[in-house]
There are 2 protein chains.
Amino acid sequence: MSSLPSPALDGAAPAGGSAPSQAPAFSPLYQQIKGLILHSLQHGEWKPGEAIPSEMELAARFRVSQGTVRKAIDELAAENLLTRRQGKGTFVATHAERQVQYRFLKLLPDSGDARGEAPAQRTILECRRLRAAADVARALALRTGDAVIQVRRVLSFAGVPTILEDIWLPGHTFKGLSAEQMASHQGPTYAMFELDFGVRMVRAEEKLRAVLPDEQQAQWLAISTSTPVLSVERLAYTYNDAPMELRRGLYRTDTHHYHNALS
Amino acid sequence: MSSLPSPALDGAAPAGGSAPSQAPAFSPLYQQIKGLILHSLQHGEWKPGEAIPSEMELAARFRVSQGTVRKAIDELAAENLLTRRQGKGTFVATHAERQVQYRFLKLLPDSGDARGEAPAQRTILECRRLRAAADVARALALRTGDAVIQVRRVLSFAGVPTILEDIWLPGHTFKGLSAEQMASHQGPTYAMFELDFGVRMVRAEEKLRAVLPDEQQAQWLAISTSTPVLSVERLAYTYNDAPMELRRGLYRTDTHHYHNALS
DNA sequence: GAGTGGTCTAGACCACGCG
DNA sequence: GCGTGGTCTAGACCACTCA
């Protein structure tokens with residue numbers, strides 16, 4: 001309404017005086033609104049699974065039209081941070097939702113039903129607190145020697161060991177994470193992270209390679225050392241593009257395959 | 001305007017009489033407009049790289065408001081079928097664009113610049129016309145024995161052979177495709193397909209596995225048979241979800257990795 | 001300065017979920 | 001029947017491109 005498309009909300013005031021070396025960085029209103037909603041999301045004003053205020057309420061709060069907050073929410077929904085449900089409201093997305101469970105797991109059985117019923121049996125091999133090696137620290141934006149928690153586990157589908165992975169987490173954020181917790185929670189591990197540690201994984205990047213397992217790895221996966229496996233290194237991020245988890249996994253691809261949709 | 005949100009455009013008339021076993025399948029206006037634009041795209045009313053009519057023109061043509069065609073175009077742009085350029089117009093997307101070249105190629109060098117300058121050197125090993133085997137036919141929605149063109153090639157980066165792949169194409173659509181053509185065109189192969197055959201690849205699905213190369217494959221890739229490689233099977237689709245290309249590739253992952261962003 | 005896409009508004013009405 | 005998100009409109013103004 002009265003608020004101009006000026007940077008009143010994002011603080012990027014155009015310099016009046018000296019040489020404007022950079023572009024004025026025009027930022028549309030809905031982007032600023034998006035930033036405000038994101039801020040509330042980050043700071044836990046609404047928890048995963050909860051409804052956020054209605055579009056009308058937010059429009060009133062921010063003194064903009066419904067259409068503007070609508071566009072902001074549209075983008076956040078497209079990024080999987082929010083979930084819209086017609087007639088009910090807009091909700092903070094969560095990895096616990098039936099629909100998008102295991103959103104980051106792209107391994108599918110070769111034959112049969114999409115994401116076959118069996119929700120993976122977890123075997124925790126290790127869960128300990130240690131000091132971050134250089135590479136792990138760099139990935140997680142920590143300093144070498146900072147406390148991290150390492151979890152090693154095997155995921156089995158229909159009784160067949162299929163994934164062997166190491167998980168590294170910042171010790172500070174995940175203080176108190178136990179093997180018990182890793183083993184016995186219901187549903188996706190990322191859902192447990194949300195519930196028990198208030199950490200929501202928002203996006204991730206993976207690097208894939210074909211490798212041969214070593215003696216011990218082969219044993220855990222019940223294959224021979226001459227059976228190639230898929231090496232998957234994943235860096236998962238929370239809000240604000242902050243890295244929060246490093247995973248190094250070995251996937252058996254004799255019974256499963258990594259599925260990727262390109263568009 | 002005068003046109004109600006009735007199915008005047010998509011023909012899904014709600015049954016007046018007998019038991020409506022299915023939902024009336026309400027389809028918003030902008031979806032119908034999207035369908036009409038898609039139809040024009042499929043039938044080549046506007047060619048890859050060309051501008052489509054302005055939003056105002058389309059709004060007038062379809063007798064709807066600018067906002068409605070805008071939403072239709074928004075979705076088509078999100079699906080990479082159109083490209084918007086502020087101040088210039090909306091263009092039919094193409095694989096020849098500098099920006100999104102090699103959009104479907106997820107292999108990156110381990111160290112160094114994103115998509116390092118060298119645009120891959122192609123070596124065509126084979127290019128022949130043959131009858132489709134059962135699996136190839138099924139993938140391409142052909143009948144076993146139908147004509148297909150098979151191309152085998154090696155892609156090298158900085159002189160190092162990195163990808164060995166077989167490509168199968170429907171013989172009918174790609175009639176006359178030659179080894180010469182596969183070898184000497186500029187830019188992405190998919191851009192050549194657009195220019196020479198009017199076929200635009202819109203999306204694709206890949207299945208990844210870790211495998212060991214056989215004797216001959218290892219030779220082409222200049223590695224040993226005990227070096228695991230990434231097996232990538234890709235099915236690429238044109239408009240209308242029609243499968244148009246099957247690829248089976250072996251990627252070296254000792255110097256490169258397959259990169260995937262999850263969100 | 002004309003034309004294109006991009007933003008923002010205000011208001012009407014529709015489809016959906018739930019009490 | 002109410003509240004929520006979803007659609008559609010009409011019009012104003014802004015940012016960008018190009019001649």
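Residue numbers start from 1 in every chain, and the chains themselves are labelled A, B, ... in the order their sequence lines are given, proteins ahead of strands.
Within residues 48-61 of chain B, no residue is approached by DNA chain D to less than 4.0 Å at the level of any non-hydrogen atom.
Look at NZ on A/K71: it is 7 Å from C1' on C/dG6, rounded to the nearest Å. Atom-to-atom, CD of B/Q66 to C1' of D/dA12 comes out at 12 Å; the value is rounded to the nearest Å. Taking atom CZ of residue B/R85 and atom C1' of nucleotide C/dT4, one finds them 13 Å apart after rounding to whole Å. In this structure, B/Q86 places its CD atom 19 Å from P of C/dA2, rounding to the nearest Å. Between the P atom of D/dG6 and the CZ atom of B/F26 lies a distance of 12 Å, rounded to the nearest Å. One can place CG of B/L29 at 9 Å from C1' of D/dT7, the figure rounded to the nearest angstrom. In this structure, CD of B/Q31 is placed 16 Å from C1' of C/dC14, rounded to the nearest angstrom. The nearest whole Å value for the distance from the CG atom in A/D74 to the C1' atom in C/dC8 is 14 Å.
The aromatic rings of A/F174 and A/F197 lie tilted to each other, with the angle between the two planes from 30° to 60°. A tilted orientation is assigned to the rings of B/H256 and B/F157, their planes being inclined by 30° to 60°.
With respect to the salt-bridge test (charged N to carboxylate O, under 4.0 angstrom), the residues B/E245 and B/R200 do not qualify. Using a 4.0 Å cut-off between a side-chain N of Lys or Arg and a carboxylate O of Asp or Glu, B/R234 and B/E206 qualify as a salt bridge. Using a cut-off of 4.0 Å between Lys/Arg side-chain N and Asp/Glu carboxylate O, B/R203 and B/D241 are scored as salt-bridged.
Side-chain N/O atoms of A/T90 include none lying less than 4.0 angstrom from OP1 or OP2 on D/dT4. The shortest distance between the side-chain N/O atoms of A/R70 and the OP1/OP2 oxygens of D/dG5 is not below 4.0 Å. Regarding contacts with the backbone of D/dG3, every side-chain N or O of A/K88 stays at 4.0 angstrom or more from both OP1 and OP2.
Within 6.0 Å of NE2 in A/H259 there are more than 12 heavy atoms belonging to other residues, nucleotides or ligands.
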